[in-house]
Protein chains: 2
Amino acid sequence: MSKELTVKQLATISGVTVRTLHHYDEIGLLKPANVGENRYRYYGEAELLRLQQILFYREFGMQLGAIAALLDRPGFDHVRALSEHRAKLAAKAERYRQLIRTIDRTIDRLNGEQLMNANDLYKGFPLERQVDYEKWLVERHGDAMKDHIADSKRALASLSGDRQRQLMTELADIECALAEKLRERVSAEAGELAPFLERHRAWVGEMWGRPCSLQAYAGLADLYLSHPDFRARYERLEPGLTGYLTSAMKAYAARV
Amino acid sequence: MSKELTVKQLATISGVTVRTLHHYDEIGLLKPANVGENRYRYYGEAELLRLQQILFYREFGMQLGAIAALLDRPGFDHVRALSEHRAKLAAKAERYRQLIRTIDRTIDRLNGEQLMNANDLYKGFPLERQVDYEKWLVERHGDAMKDHIADSKRALASLSGDRQRQLMTELADIECALAEKLRERVSAEAGELAPFLERHRAWVGEMWGRPCSLQAYAGLADLYLSHPDFRARYERLEPGLTGYLTSAMKAYAARV
DNA sequence: CTTGACCCTCACGCAAGGTGAGGGCCTATC
DNA sequence: GATAGGCCCTCACCTTGCGTGAGGGTCAAG
């Protein structure tokens with residue numbers, strides 16, 4: 001044997017701690033070349049080299065288990081392993097960039113620039129072509145729907161202008177949040193959307209003047225899908241939002 | 001009280017698990033509005049709101065402890081908190097991008113494009129202006145140095161051409177690795193540089209025909225710093241590498 | 001009065017080590 | 001040849017943010 005290194009020596013040379021070497025021994029990632037009577041660990045050239053490889057992959061945030069699997073499969077393809085890991089890193093980097101963008105937008109909103117935007121997008125919207133939606137609802141759900149619609153109109157009309165604006169702001173808030181989730185590629189079925197859908201359903205209830213049942217909520221999703229007005233509005237907010245929102249609404253209704 | 005929510009209800013509405021709420025209760029991040037005789041947890045409006053805030057910050061990878069500190073400091077500045085966290089995220093994203101670039105370069109190198117590069121940069125280098133370095137060394141360290149230099153030249157001359165090229169490739173490897181560390185903003189004093197400095201010192205020993213002591217190694221750093229040839233070469237490899245390498249060499253010599 | 005859905009409190013597990021505690025080994029110096 | 005200091009060992013608990021049971025009480029509906 002040319003040179004036997006103790007834990008401390010190998011640790012110093014390699015820039016890790018003794019505990020790390022103990023750990024790697026424990027999990028079988030890097031075993032000493034031999035172990036003395038006194039249970040001292042001794043490492044040789046080969047172990048030093050293996051440790052270099054381990055640290056190389058570890059740098060990139062690879063899991064120790066994955067590294068072990070790589071190194072212990074003889075004749076493994078470094079290039080492919082790296083490429084695969086590269087993809088994971090890219091995904092993480094992208095995720096961080098998304099989060100940063102979201103933070104930026106949130107900061108802007110907190111700074112109050114959002115109010116105009118909301119007024120812009122939402123003023124007058126829900127009253128304008130109400131008639132068409134009513135027709136569709138009645139067609140689909142029969143005459144019993146007519147009473148509901150009448151109730152709804154009375155409820156809406158009875159609200160003060162301030163309250164109406166407040167509701168529109170709430171809607172803007174919710175839809176903005178969902179649009180961001182979409183941009184972040186959060187699944188429409190994800191549980192984390194629930195809080196926003198809950199708020200959305202409550203909002204619908206407010207507009208209708210009576211609570212929105214889960215069934216009705218799922219049905220509303222179909223209305224959104226079927227009417228170009230809604231579709232156009234959502235797509236203007238964020239491409240793909242129509243399908244995203246309606247899927248989320250149905251998933252939510254089915255889940256709760 | 002308007003509405004009391006059970007754990008399950010709050011969990012479903014908010015898109016988290018029951019266990020998460022238990023956990024938040026345990027660590028004091030979100031306590032129930034009140035607790036029944038039967039130890040059931042009941043949450044109110046206020047808790048729902050607080051949970052929304054918690055989840056908002058959690059999304060960005062903020063630690064629960066930090067979130068608690070934020071929310072429990074009354075009159076805290078959301079915008080500033082977000083800005084600070086944004087900076088952290090940006091740093092992480094940047095780190096990932098660096099790693100990705102490093103992987104890309106590594107893949108390129110593994111694909112064999114490095115050989116030319118090495119030959120390009122290193123052929124003939126150490127013999128060319130050897131004379132000047134010698135003068136400097138003698139000036140600084142006195143006549144005793146002359147013998148060392150003579151030894152060194154003999155040692156170098158006695159090596160085969162193949163062996164010389166091999167040594168140059170090793171040097172290229174080490175310097176490339178250090179340049180990458182520099183690009184990744186790893187501190188020159190960091191322990192993780194040790195393996196490369198170890199190899200570098202061994203390389204110097206090979207060139208000299210005798211082991212390079214830690215003292216000599218630290219002295220060599222000064223040579224690199226003082227001579228424009230070295231400086232130019234390192235800066236061509238990566239801007240700032242001269243200072244980085246020499247700092248690392250000295251830190252390493254002092255540490256081991 | 002039973003069933004099933006919900007609630008509770010432990011308590012272990014994960015990844016990758018950090019940080020001692022308590023005790024043996026080695027070697028240099030007095 | 002004894003003692004000091006430095007290195008080595010093996011437990012074994014701590015960290016983050018929960019997941020995942022185990023074992024047992026509670027509640028509303030049929």
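By convention in this document, chain letters (A, B, ...) are assigned in the order of the sequence lines, proteins followed by strands, and residues within each chain are numbered from 1. Just so you know, these numbers come straight off a predicted model, no measurement behind them.
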_Suppose we screen for salt bridge (Lys or Arg N to Asp or Glu O under 4.0 Å). Which residues come up paired with A/Asp25, at least two apart in sequence or across chains?_
A/Lys31, A/Arg41

*What is the distance, rounded to the nearest whole Å, between atom CZ of A/Arg58 and atom C1' of C/dA16?*
9 Å

_Heavy-atom pair of closest approach, residues B/Ala251 and B/Glu189_ = CB-CG, 3.9 Å

_B/Ala248 versus B/Leu193, closest heavy-atom pair with distance_ = CB-CD1, 4.1 Å

*According to a strict under-4.0 Å criterion, is B/Arg41 in side-chain N/O contact with OP1 or OP2 of C/dC8?*
yes

_Toward the 5' end of DNA chain D, by each residue's nearest nucleotide, A/Thr6 or B/Gly61_ = A/Thr6

*When we call it a touch if two heavy atoms are under 4.0 Å apart, what does A/Val18 touch: a base, just sugar-phosphate, or nothing?*
nothing

*How long is the line joining NE2 of B/His23 and C1' of C/dA11, in whole Å?*
15 Å

*asked:* Quick check on D/dC27: is either OP1 or OP2 less than 4.0 Å from any side-chain nitrogen or oxygen of B/Asn38?
replied: yes

*Any side-chain N or O of B/Tyr24 under 4.0 Å from OP1/OP2 of D/dC18?*
yes

*Compute the angle between the rotation axes at the two ends of the helix from C/dC1-D/dG30 to C/dC30-D/dG1, each taken over five pairs, rounded to 10 degrees.*
30°

*Do the side chain of A/Thr246 and the main chain of A/Gly243 share a donor and acceptor less than 3.5 angstrom apart?*
yes

*Nearest atoms (heavy-atom pairs only) where A/Leu178 meets A/Tyr244*: O-CE2, 3.5 Å

*Between D/dG17, C/dC25, C/dA16, which nucleotide gets closest to the side-chain atoms of A/Gln63?*
C/dA16

*For C/dC8, does OP1 or OP2 lie under 4.0 Å from any side-chain N or O of B/His22?*
yes

*Could you check how far CD of B/Glu26 sits from P of C/dT9, rounded to whole Å?*
9 Å

*Is B/Arg80 salt-bridged to B/Glu84, going by a charged N under 4.0 Å from an acidic O?*
yes

_Rounded distance (Å) that lies between atom C1' of C/dC25 and atom NZ of A/Lys8_ = 16 Å

*Looking at the side chain of B/Arg19, which of C/dA16, D/dC8, D/dT20 is the nearest nucleotide?*
D/dT20

*Parallel, tilted or perpendicular, as decided by the 30° and 60° cut-offs, for the rings of A/Tyr252 and A/Tyr217*: perpendicular

*Please give, in whole Å, the distance from C/dC25 P to A/Tyr42 OH?*
12 Å

*Think B/Thr20 has a side-chain N or O under 4.0 angstrom from the OP1 or OP2 of D/dG19?*
yes

*A/Ala218 to A/Ala253 - nearest heavy-atom pair and separation*: CB-CB, 4.0 Å

*asked:* Base of C/dT9, side chain of B/Arg39 - is there a donor-acceptor contact under 3.5 Å?
replied: no

*To the nearest Å, how far apart are B/Leu51 CG and D/dC18 P?*
11 Å

*Please give, in whole Å, the distance from D/dC8 C1' to A/Leu21 CG?*
13 Å

_Between C/dA15 (P) and A/Met62 (CE): distance, integer Å_ = 16 Å

